[in-house]
Every structure is written in C-alpha cells, then in structure tokens.
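Inspection log for the structure reproduced underneath, given as structure tokens.
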Amino acid sequence: MRKIFFISLIAVLFVAGSCKKFLDIVPDNTPVIDQAFSLRVMAQRFLATCYNRLPSNTYLGGDRYLLADEFWLNSTSNFSSGSYPAWYIAMGQQNANSPLLNYWGSNASGAYWQGINDCNILIERVNEVPDMAEPEKEMWAAEAKVLKAYYHFLLLRAYGPIIIRDKNLSVYGDQVEMQEPRQPVDQCFDYIVNTIDEAMPLLMPIEENGNLEIGRITQIVAKSIKAMVLVEAASPLFNGNTDQALLKDENGDPLFNQTYDASKWERAAIACKDAIDFAASNGKKLHTWVPAANLTIKNPSTFWQMNLRTAVNESDGNAEALWFDTRSVGGGGFQAAFTPRGFHPNTVSNAAITSFMGATLNMAEKFYSKNGVPIEEDITYPYQNRYELVTVPSTDAYQFDLQANYNTIHFHLDREPRFYGTLSFDGGRYFMMSELSDEDALNTNYTGRGNIKSFNVVNNQITGYMVKKYVNAQNSYGGSNAYSARPYAIPIIRLADLYLLYAEAVNEFQGPSPEVYQSIDSVRARSGLGGVVSSWQQYSSQPNKPASKDGLREIIKRERTIELAFEGKRFWDLRRWKDAVFELNTLILGWDVKQRLSAAFYRPNALFSRTFTTKDYFWPISLDEMRRNPKLKQNLGW
C-alpha cells in the first residue's frame with residue numbers, strides 16, 4: 001500500500017519533469033496555454049505546475065536546514081554555493097550582485113514569481129475546461145489562490161515589502177507601466193490573508209481521497225497558513241520595526257509601519273485557534289507512536305522519543321502533519337545525509353550513507369534537562385561541570401538512552417526525551433525497529449576509535465552530533481552493505497507548531513493564562529515532560545518565570561526551538577523575533593571529532609564565527625532586477 005501511495009502521489013498529482021517544459025510560463029492566448037485548458041487531464045497538469053514552485057524541503061538548494069545555527073558542514077569537502085546556497089548565506093556570503101537563494105529573480109531561480117504567474121493563469125482560464133464540473137473548477141481555482149497567497153508570503157518573509165501581483169501583466173503591455181513599486185508590508189499581509197479567506201469556502205475541508213490527495217491545499221492547510229502569516233505580521237520584524245524607517249516608497253512614506261499594534265496578536269491568536277479547532281474536528285491530533293506487535297519496548301522514554309521521531313518521518317497514518325511536502329520525499333539519499341555512518345555494522349564502508357549533516361553543539365545546548373527546564377536554570381543539574389567526563393551508570397534509568405559504563409560527558413546525561421529522540425551522539429543509543437527491542441538499540445561511539453566514522457571519511461559530519469528525526473526507524477541495513485530506506489513525505493506544518501504559535505500569540509496579546517499553559521503543556525506531555533508552571537516551580541532557579549509575559553515569551557521561544565529543532569523553523573523564527581542579531585552572532589561549535597580519546601574529543605571546537613547584522617534580516621533584491629525596474633527600492637544596507 002505504501003509503495004502505491006508514493007508512486008501515485010508523485011506521478012499523478014505532481015507531474016513528472018517531462019510535462020514541466022510543456023507547461024512553462026508563456027504569453028497569454030498562445031496555442032500552448034489554450035491546449036493546457038482544453039481537457040481536464042491537461043488542466044490538472046497545470047494545477048500541478050502551480051504546486052511545483054513550492055520551495056524544496058531537501059538540503060539541496062532549499063532554505064530549510066542550513067540558514068541558522070542548527071547544522072554545519074565539513075568545510076574541507078566540496079559543498080558548492082550552487083548546491084548549498086543556504087550554507088553560504090549562513091557564512092555571510094549573501095550579496096546584491098548575484099544573490100544566493102534568489103527568489104526575487106526573473107530567471108529560473110525566481111520560482112515564487114513564476115508560481116504566482118502560474119496560479120493567476122489557472123485562476124483565469126480553468127473555467128474554459130469543457131469536461132469539468134463547476135464545483136471542481138472552483139476548488140482548483142481556490143487551491144491556486146491559496147498557493148498564490150503563500151508565494152507572496154514567502155517573498156514577503158524573505159524580502160519585506162513586495163510587489164502585489166494579483167493579475168498577470170500582459171507581455172505586450174507598455175514596459176514602463178509594467179514597472180511596479182513595492183507595497184507597504186501591512187498592505188501585503190492584508191492581501192495575503194484576504195486572498196486565503198476568499199478561497200477558503202471553496203476548498204475541500206480535508207483530503208477526500210486519502211493518500212492520493214495528500215499535499216493538496218485543503219481548508220486545514222489554508223487555515224494553518226493563515227495563522228502562520230498573521231503571527232508573522234504581529235511579530236517584531238513586521239510590527240513597529242523602526243530599524244526599517246528609512247525604507248520608503250516614492251512618496252516618502254515608510255514601507256514598514258512604525259507603531260507597534262498589539263491587536264495584531266489578537267488577530268493571530270484567533271486565526272491559530274480557528275486552525276487548531278478545525279484540524280481537531282477533522283481528526284488531527286498530536287501524533288503518538290504505536291509499536292508493531294513484534295517489538296518489545298521496555299522503557300517509557302522510547303515511546304516519548306518515538307512520538308517525536310515518527311511525527312516527522314512517518315507520513316502514513318500521521319494525524320499531526322497538517323500539510324505535507326510531497327515533492328520533497330525523504331527517500332534513501334535524503335535520509336543517508338542524516339544517518340551516522342557506522343552505527344550499524346553494515347554501514348561502516350557503505351558509500352551510500354553520506355552522513356554529512358552534522359548538528360551543532362549550539363543546538364545540543366538548547367534542550368532541557370530531564371526535569372523539563374533549561375540546563376542552565378535547573379537547580380539539580382551540574383551546569384558548570386557539564387563538559388566533564390563521567391562514566392554512565394549501569395542502571396535502568398540510563399541504559400536505554402546511553403551505553404552503560406561508557407565514558408562520556410555529564411552533558412549527555414539527565415536530558416529530556418526530545419534530546420535523545422532528536423540527537424545521535426557519542427555514547428548514545430539508536431533505536432531501530434530491526435533490533436526488535438529498545439534494550440538492543442544500536443550504540444553510537446563518535447570518538448576517533450569508535451564505530452561512527454567522522455572527519456576521516458570525506459564529507460562526513462564534523463560536529464559530533466547527528467539528527468534522528470529524518471532517519472526512519474524502519475530502515476534496514478542488510479548484508480553486503482545494503483541499505484533500504486522507508487520514504488516519507490516531509491511535513492511543512494505540524495499541529496505542534498500551531499499549538500506553540502497559539503500560545504505565543506495569546507501571551508503577547510493578554511499575557512500568561514491557563515490556555516497558554518495548556519497549549520504548551522500539550523506539546524510537552526507528548527514527550528514525557530511535566531507542565532510549565534510545575535516544572536519551573538520545582539526545578540528552575542527562576543521559579544516565577546512562567547507567571548510574567550516576558551518570562552513566558554522566553555519559555556515559548558525555547559519550546560519552539562526544541563520541539564521544532566532542525567525542521568526549518570528556527571531561522572525564520574529568529575528573524576521575526578528580531579533575535580537573529582543575538583543568536584546568530586556566535587561561534588558555531590562542535591566537538592573535536594578528529595580525536596581518538598574522549599578527553600581530547602570533548603573539547604568545544606570553533607567551526608565558524610558567524611555574523612548577522614540588521615541588514616541581514618531582509619535579503620537583497622538583485623541588481624539586475626533593480627535595473628530592470630527603477631521603481632524598486634533596495635533593502636537597507638545592500
């Protein structure tokens with residue numbers, strides 16, 4: 001059944017590359033476009049083209065993984081700026097002459113403008129299709145409207161004020177009239193939200209044909225996007241951002257509002273609650289793992305870890321994922337980049353296990369202690385001595401997460417289940433279902449004499465940590481270095497994301513309240529943690545932190561950082577909070593993975609010194625585009 005799902009999904013809903021050239025953007029009223037809407041099957045291909053401009057959620061070319069401080073690559077290997085542009089942005093190489101991730105470009109890299117163009121064509125022409133019923137035409141047009149709004153949002157998030165392209169311009173029109181200015185950010189947000197609202201009633205509430213329609217725009221997806229957009233609009237980057245006061249339109253008026261408006265958070269909270277309630281009424285809920293009958297699970301921590309792992313890397317029966325990216329399937333090549341080479345005997349020399357997506361020590365620091373509070377706040381945690389070597393006790397409290405009697409550091413002991421469910425590290429365990437019992441989980445030894453091959457293998461991770469979230473526990477590693485990966489559709493929006501956005505919006509609008517705590521606690525409970533209030537009161541050096549708006553804001557930010565770690569949220573969160581100038585002006589750290597002995601291995605190793613300045617909050621519009629359209633105003637600092 002699973003193979004049918006993926007074959008059907010990619011081949012039917014999202015067209016193959018052979019169709020893409022035929023359906024590329026062309027002038028209106030040409031025979032090619034006429035033919036594209038001559039039959040339903042052809043129009044369906046054009047609808048797929050509208051989806052085909054969505055951003056990639058793989059590590060190649062996309063902006064999901066390498067923009068923040070979550071991953072770092074081996075600088076001695078050949079990771080080019082053409083294939084890994086996000087990493088080069090992280091290293092400070094963004095520029096206006098030849099921008100990296102040039103979404104504003106008019107060439108092939110400017111996929112979002114092309115997507116907007118495609119959507120406008122379908123909205124205008126779908127009524128011409130002769131063999132379609134009117135309700136289906138309306139639904140397809142509604143999907144295209146939401147996609148169009150989403151493309152506008154992605155541009156707005158990256159560049160700030162944008163051009164609103166509700167209708168396509170004629171290629172035969174006056175060139176001067178085609179030169180449009182950027183619109184104020186509030187006007188851009190209003191357009192995006194109004195477009196989604198206009199489309200909402202005509203969408204199917206949830207996928208009507210199960211797996212065949214997964215990834216389509218439904219009311220659940222549209223409501224989730226709307227909630228995310230309104231949270232962005234209410235956040236400091238767009239809500240009274242005085243740093244952008246000098247970016248003005250042709251009349252001298254600021255393109256960014258200069259006065260903070262608290263009511264934007266109320267509007268965002270209402271949208272988040274609407275999306276959550278609607279999702280719940282349609283069967284969506286936080287995902288929990290149900291082990292197969294042949295598995296023996298002895299430790300509750302395994303359930304809590306697998307709840308999170310499978311919420312990300314299981315698309316079959318996953319009720320938490322609200323929107324899947326079915327174009328970026330987590331297949332064997334994708335998962336191999338996150339898999340520790342050598343953690344299974346049959347992967348030691350397997351070249352297919354590329355193992356290069358190393359997670360940073362910076363992120364390992366973010367996870368809580370076992371008591372559900374930051375390790376720097378936990379009054380029972382030896383934070384100042386966290387990097388000291390210790391021997392793992394051979395007790396039930398440790399043996400499922402760590403190797404008994406192994407020399408590691410205290411930093412790896414007494415951490416929350418999400419730490420063990422998200423990260424692979426030296427002295428850790430790695431549960432795979434092939435082992436049939438969590439008691440027999442695989443050992444991961446990252447020192448130079450251990451089983452995990454690091455710096456001595458070309459391209460391999462250079463940090464001493466890897467991410468479990470993207471490695472499906474049902475993968476198998478047979479004899480002769482065979483490798484069989486279970487593919488999955490990558491989630492773009494999870495219900496946990498919405499819960500935390502809702503908590504943030506309500507706290508910003510009215511401060512701490514039971515509903516804020518409940519939203520956060522729901523996510524924490526799924527990973528075996530106690531409630532926010534009780535955890536801070538019992539274990540934190542700041543027991544009253546959850547009782548203040550500022551304190552609870554800090555907690556919500558940390559919860560998002562941990563729960564959504566490595567899922568492409570952190571960079572954009574840091575930007576909208578205007579925290580990037582603090583969080584991304586730091587050393588990128590890992591362990592000294594070239595060392596064979598633990599005492600030498602566990603020395604924080606500076607891999608790169610990042611810089612992030614105010615100008616980096618918004619990317620530059622390319623100089624080619626500036627010359628093509630003199631009405632454009634360049635972002636400040638570029």
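Small disclaimer: the values here were computed from a predicted structure and weren't measured.
A donor-acceptor pair shorter than 3.5 Å cannot be found between the side chains of D69 and N362. Side chains of D550 and S548: a donor-acceptor N/O pair is absent below 3.5 angstrom, by distance only. Donor-acceptor pairing under 3.5 Å is recorded for the side chains of R182 and N635.
The side chain to side chain contact (heavy atoms under 4.5 Å, CB included) test applied to K557 returns R553, W577, D579, not counting sequence neighbours. Residues that satisfy the salt bridge (Lys or Arg N to Asp or Glu O under 4.0 Å) test with E504, not counting sequence neighbours, are R576.
Remark: of the listed residues R494, K366, R524, R494 is the sole one forming a salt bridge (charged side-chain N to carboxylate O under 4.0 Å, His left out) with E563. Screening I220, V221, I225 against I493 for a side chain to side chain contact (heavy atoms under 4.5 Å, CB included) leaves a single residue, I225.
A ring-centre distance under 6.0 Å is not found for Y112 and Y150.
Nearest heavy-atom pair across A319 and G283 is CB-O, 3.8 Å.
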Report the C-alpha distance between F618 and Y103 in whole Å, list the side-chain angles of each, state the deciding distance to 0.1 Å, and finish with yes or no for ring pair (Phe, Tyr, Trp, His ring centres under 6.0 Å).
-> CA-CA 12 Å; F618 295 105; Y103 298 141; over 10 Å; no
May I have the step-by-step check of side chain to side chain contact (heavy atoms under 4.5 Å, CB included) for F46 and V126, ending in yes or no?
-> CA-CA 10 Å; F46 200 94; V126 69; over 6 Å; no
May I have the step-by-step check of side chain to side chain contact (heavy atoms under 4.5 Å, CB included) for F566 and M357, ending in yes or no?
-> CA-CA 10 Å; F566 309 106; M357 293 292 286; over 6 Å; no
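Taking the side chain as every heavy atom from C-beta outward, R165 and H152 approach each other to under 4.5 Å.
Using modelled atom types, one side-chain atom of R610 and one backbone atom of A68 make a donor-acceptor pair closer than 3.5 Å.
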Please tabulate, for the side chains in residues 84-94, all donor-acceptor contacts under 3.5 angstrom to protein atoms that are two or more places apart in sequence or on a different chain.
residue, atom, partner, partner atom, Å
Y88, OH, F79, O, 2.5
Q94, OE1, L100, N, 2.8
Q94, NE2, L100, O, 3.1

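The distance from the CD1 atom of I556 to the OH atom of Y502 is 11.5 Å, given to the nearest 0.5 Å.
For the pair R560 and W572, the cation-pi test (distance below 6.0 Å, angle within 45°) is failed.
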